[in-house]
Amino acid sequence: EYSHIQGTRWNKNVITYRYLLYTRDLPRNTVDSLIASAFNVWAKASGLTFVRSHTNNADIMVEFVTSNHGDMYPFDGPRGTLAHAFGPGLGVGGDTHFDDDEHWTAGERGFNLFLVAAHEFGHALGLKHSRNPDSLMYPTYKSSRSANLLSREDVANINTLYSKLL
Ligand SMILES: CC(C)C[C@H](CC(=O)NO)C(=O)N[C@H]1Cc2cn(c3ccccc23)CCCCCCNC1=O
Ligand SMILES: [Ca+2]
Ligand SMILES: [Zn+2]
Ligand SMILES: [Zn+2]
């Protein structure tokens, strides 16, 4: 929701992402698959492709950090705010930060990393919050999300930004 970076969308079809810091709550390959699944939610709805980068700078830098971590939005310890992401753009644009004072899980307990990442990547692609509690882009965490994560509103909004590429 920090859309202070100009530009409402990415102007390319292939978006790269790179991990800077992992969490100790989960094995790395579990984090990798949960994050990849979260990107895939938006790939299916937008026609965008997400490619993991291991070397150079990437569009979306993903990291698990706590409290003050180098941007203007320090985290707040356990619970409260879980994560945040910057809207599309150069530099910090798209970057996604998870509060590592949370207990990140792949299941029902703690906070489900896949669900939170899917919300954050919506911001990284240019989406704002929704007032519809059934939308993924609703500003409050809900563990009981159905299989089809995206509401009709989420899909309409991503399609407005990125016309579904043929
Ligand atoms: C949507 C989510 C994945 C990302 C959002 C932040 C966000 O929009 N990032 O893009 C988030 O963390 N929302 C808070 C909002 C929130 C709920 N409460 C809070 C108490 C203090 C501060 C914030 C909150 C009440 C207590 C529950 C705290 C634990 C759950 N936290 C939340 O749901
Ligand atoms: Ca927190
Ligand atoms: Zn941050
Ligand atoms: Zn949000």
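Every number for a ligand or one of its atoms is a count from 1 in the order of the listing.
Summary: OD2 is the N/O/S atom of Asp99 found nearest to the Ca ion (ligand 2). Distances from the Ca ion (ligand 2) to each N, O or S atom of Asp76 single out OD1 as the nearest. His119 has its closest N, O or S atom to the Zn ion (ligand 4) at the position named NE2.
Below 3.5 Å of separation, one finds an N or O of His123 facing an N or O of ligand 1. Between Tyr141 and ligand 1, at least one N/O pair is under 3.5 Å apart. Here's the thing with Ala83: one of its N/O atoms is less than 3.5 angstrom from an N/O atom of ligand 1. When only interatomic distances are considered, the shortest N/O to N/O separation between Glu120 and ligand 1 falls below 3.5 Å. Distances between N or O atoms of Thr81 and those of ligand 1 include no value under 3.5 Å.
A ring-centre distance under 6.0 Å is found for His84 and Phe75.
Taking the six-membered ring for Trp and thresholds of 30 and 60 degrees, Phe98 and Phe121 have ring planes more than 60 degrees apart, a perpendicular arrangement.
Only the side chain of Phe111 comes within 4.0 Å of ligand 1, counting heavy atoms alone; its backbone N, CA, C and O stay farther away. Counting heavy atoms under 4.0 Å from ligand 1, residue Ala85 does not touch it at all.
Within ligand 1, the atoms closer than 4.0 Å to a non-hydrogen atom of Pro139 are 1 (C), 5 (C), 11 (C), 13 (N), 14 (C), 15 (C), numbered from 1 in the order shown. Atoms of ligand 1 found under 4.0 Å from any heavy atom of Tyr138, numbered from 1 in the order shown, are 1 (C).
Of the listed residues (Lys128, Arg79, His119), the one carrying the non-hydrogen atom nearest atom 26 (C) of ligand 1 is Arg79.
Under a 4.0 Å heavy-atom criterion, Lys142 is not in contact with ligand 1.
Here Pro78 fails the criterion, with no N, O or S atom under 3.0 Å of the Ca ion (ligand 2). Distances from the Ca ion (ligand 2) show that Glu102 has an N/O/S atom below 3.0 Å. Residue side and main chain included, Arg79 places an N/O/S atom under 3.0 Å of the Ca ion (ligand 2).
Checked against Tyr17 for a ring-ring contact (aromatic ring centres under 6.0 Å, His included), the options Phe39, Phe50, Trp42 give a single hit: Phe39.
Between the OH atom in Tyr162 and the NZ atom in Lys12 there is a gap of 10.5 Å [rounded to 0.5 Å]. Once rounded to the nearest 0.5 Å, the distance linking CZ of Arg9 with CG of Leu125 reads 10.5 Å.
Seen from the Zn ion (ligand 4), atom NE2 on His129 and atom NE2 on His123 lie at an angle near 100° (rounded to 10 degrees).
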